[in-house]
**Student:** 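Sending over a structure as structure tokens; questions will come in a sec.
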Amino acid sequence: MKEIHISEIEAFRIGHAQDEAHATGCTAIICEKGAWAGVDVRGGSPASRETELLKPVNTVQQIHCVMLSGGSAFGLEAGDGAMQFLEEKGVGFDVGIGRVPIVCGASLFDLELVSFDRRPDKAMGYAACQDAFFSKEPGEGNVGAGTGATVGKFHNMEGMMKCGIGISAAQIGNVKCGAVVAVNALGDVIDPDTGKILAGLLNKEQTGFADTKKCMYEEMEHPRDLWKGNTTIGCIVTNGKLDKCQCNKAASIVHNGFARTIRPAHSTADGDTIFVMASGEVEVAPDAFHVLAQEVMERAVKRAALMAKPAYGLKAAEDFQTKTLL
């Protein structure tokens, strides 16, 4: 396996747009010619767009964009910007009288940092698509859907840290696989190789980590409503030949990457969602691909923490770690 830039997966374009002043943004993942796609939603509090049509029993086989955004359910409007952009380029599902771009999406909750009433909209979604066509390599950290991403929120906003968006890609033979993920979790981000916390719930002195799992165990017999401002959303892209059913199965298995890097993952207060998009250019063994995609997603989650910068009065992983961990 060799690491590659995600731009080397030629069928896909990725772009960001953000409002840094109000701590929100969105990320467009575009496949103009159409990609077979699937999705798996594991968290208990999702905000999503057009996930129903990705069920194998439904008609549409390919999609043209996945829009990841902040703004909770409000942020799903960013997908309308992708619809407009792609329609203008003549991209979409031919319905006889025109073309309908198929845009799926998911949103995370970032409304607590600066302003509840500023969130990704149609214009920002359009701008992210423009960026996808003009920027060769997408940024990481405090950009796009990761602009307002935070982790470690078991004690609500007290002790949480800044996180962001992470990207990783790899190639084995002719098969290429990449992951884009905005990490905005209730829990902590874990280095899967060492088991150490990279970012998450801070102790009261903010000198180290409180360990969300330990704190949860201490409240085992004291149920309470958890802070709902969470959700990790991501997308796997590949040049491999996977049909709609296989993409859905891959999305399900790749959640293992979340489970290995986020503790806890898939809580009732998260809306964890993973999409898979396959351009179908090269043959691939599905089970071998699942292993690669999971590993690439793990690396992307880790990068989401390590590439984030301190912002909005919050510490980031770089305050406790060195970039050699990348």
Side-chain angles (χ1 to χ4, degrees), residues 18-25 43-47 68-72 75 107-116 118-119 140-166 181-191 196-219 222 224-234 258 261-272 301-321 325:
Q18 54 275 324
D19 180 347
E20 293 182 20
H22 295 95
T24 195
S45 302
L68 307 178
S69 76
S72 189
S107 298
L108 56 80
F109 192 105
D110 56 8
L111 302 174
E112 75 274 34
L113 281 187
V114 176
S115 177
F116 179 83
R118 296 294 292 270
R119 46 255 182 169
E140 297 177 83
N142 301 14
V143 295
T147 303
T150 52
V151 293
K153 289 170 278 190
F154 185 66
H155 293 156
N156 299 335
M157 295 174 64
E158 182 181 347
M160 70 181 184
M161 287 179 64
K162 187 72 184 73
C163 203
I165 198 161
V181 62
V183 181
N184 188 64
L186 173 78
D188 305 326
V189 178
I190 309 298
D191 186 328
K196 293 182 178 180
I197 299 173
L198 300 176
L201 179 63
L202 293 172
N203 58 29
K204 291 183 179 180
E205 298 76 25
Q206 297 207 341
T207 57
F209 300 110
D211 191 333
T212 296
K213 184 175 75 169
K214 178 181 177 182
C215 293
M216 294 182 84
Y217 286 173
E218 290 172 350
E219 294 191 13
H222 304 281
R224 63 179 173 89
D225 289 334
L226 298 178
W227 174 250
K228 299 297 194 293
N230 311 302
T231 295
T232 297
I233 50 178
F258 281 8
T261 54
I262 301 171
R263 190 171 67 206
H266 312 133
S267 79
T268 59
D270 289 279
D272 297 343
V301 172
K302 182 176 174 179
R303 290 185 66 86
L306 295 179
M307 296 299 289
K309 296 290 185 182
Y312 314 110
L314 301 178
K315 292 186 175 183
E318 70 173 40
D319 293 313
F320 301 94
Q321 312 285 346
L325 290 169

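Everything quoted here is computed from the prediction, not taken from an experiment.
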**Student:** Can you confirm whether Thr212 sits close enough to Pro264 that some side-chain heavy atom of one is under 4.5 Å from a side-chain heavy atom of the other?
**Tutor:** yes
**Student:** State, to 0.1 Å, how close Ile233 and Leu108 come at their nearest heavy-atom pair, and which atoms those are.
**Tutor:** CD1-N, 3.9 Å
**Student:** Could you list the residues that satisfy side-chain hydrogen bond (donor to acceptor under 3.5 Å, both in side chains) with Asp270, not counting sequence neighbours?
**Tutor:**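 side-chain hydrogen bond (donor to acceptor under 3.5 Å, both in side chains) list for Asp270, sorted by chain: Ser267.
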**Student:** I'd like to know if the side chain of Thr150 reaches the main chain of Met160, judged simply by a donor and an acceptor atom lying under 3.5 Å from each other, with no hydrogens or angles considered.
**Tutor:** no
**Student:** Does His266 have any ring-ring contact (aromatic ring centres under 6.0 Å, His included) partners at least two apart in sequence or in another chain, and if so, which?
**Tutor:**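 Per chain and number, His266 pairs via ring-ring contact (aromatic ring centres under 6.0 Å, His included) with His255.
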**Student:** Measure the OG1-CG distance between Thr207 and Asp319 for me, rounded to the nearest 0.5 Å.
**Tutor:** 12.0 Å
**Student:** Go through the structure and list residues passing salt bridge (Lys or Arg N to Asp or Glu O under 4.0 Å) with Glu112, not counting sequence neighbours.
**Tutor:** none
**Student:** With a 4.5 Å limit on heavy-atom distance, are the side chains of Phe320 and Lys315 in contact?
**Tutor:**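 In short, these two side chains touch, coming nearer than 4.5 Å.
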**Student:** Could you pull out the closest heavy-atom pair between Ala308 and Gly164, with the gap in Å?
**Tutor:** CB-N, 4.0 Å
**Student:** Which residue pairs pass the salt bridge (charged side-chain N to carboxylate O under 4.0 Å, His left out) test with at least one member in residues 209-219, sequence neighbours excluded?
**Tutor:**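 Listed once each, the pairs are Asp211-Arg263, Glu219-Arg224.
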**Student:** Between Phe209 and Leu202, is there a side-chain heavy-atom distance shorter than 4.5 Å?
**Tutor:** yes
**Student:** Thr24: which residues meet the side-chain hydrogen bond (donor to acceptor under 3.5 Å, both in side chains) condition with it, sequence neighbours left out?
**Tutor:** Asp110
**Student:** Do the side chain of Asp272 and the main chain of Thr232 share a donor and acceptor less than 3.5 angstrom apart?
**Tutor:** yes
**Student:** Between Ser72 (side chain only) and Phe109 (backbone N and O only), is there a donor and an acceptor less than 3.5 Å apart?
**Tutor:** no
**Student:** For Thr268, check side-chain hydrogen bond (donor to acceptor under 3.5 Å, both in side chains) against everything at least two apart and list the hits.
**Tutor:** none
**Student:** Would you indicate whether the side-chain heavy atoms of Leu314 and Leu113 approach each other to under 4.5 Å?
**Tutor:**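 Yes, close enough: below the 4.5 Å cut-off.
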**Student:** Report, as yes or no, whether the 6.0 Å neighbourhood of atom CD on Gln206 holds more than 12 heavy atoms from other residues, nucleotides or ligands.
**Tutor:** yes
**Student:** Rounded to the nearest 0.5 Å, what separation is found between the OG1 atom of Thr261 and the NZ atom of Lys302?
**Tutor:** 10.5 Å
**Student:** Out of curiosity, Asp188 CG to Lys153 NZ, how far, rounded to the nearest 0.5 Å?
**Tutor:**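 Spacing of CG (Asp188) from NZ (Lys153) equals 11.5 Å.
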**Student:** Quick one: side chains of residues 142-149, donor-acceptor pairs under 3.5 Å with protein atoms, not counting sequence neighbours, listed by atom name and distance.
**Tutor:**
| residue | atom | partner | partner atom | Å |
| --- | --- | --- | --- | --- |
| Asn142 | OD1 | Lys309 | N | 3.0 |
| Asn142 | ND2 | Lys309 | O | 3.0 |
| Thr147 | OG1 | Gly144 | N | 3.3 |
| Thr147 | OG1 | Gly144 | O | 2.7 |

**Student:** So which heavy atom on Gly187 is nearest to which on Val151, and how close?
**Tutor:**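 Heavy atoms only, the tightest pair is O-CB, 3.6 Å.
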**Student:** Test Ile197 against Ile190 for side chain to side chain contact (heavy atoms under 4.5 Å, CB included), laying out the working first.
**Tutor:** CA-CA 5 Å; Ile197 299 173; Ile190 309 298; 3.7 Å; yes
**Student:** Provide the closest heavy-atom pair for Ala317 versus Met161 in the form atom of the first, atom of the second, distance.
**Tutor:**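 Nearest pair, atom of Ala317 first, then Met161: N-CE, 3.6 Å.
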**Student:** If you round to the nearest 0.5 Å, how far is CD of Glu140 from CG of Leu306?
**Tutor:** 10.0 Å
**Student:** Partners of Asp19 by side-chain hydrogen bond (donor to acceptor under 3.5 Å, both in side chains), sequence neighbours excluded?
**Tutor:** His22, Arg118
**Student:** Can you list the residues that meet the side-chain contact (heavy atoms from CB on, under 4.5 Å) rule with Phe116, with sequence neighbours excluded?
**Tutor:** Phe74, Leu111, Arg119
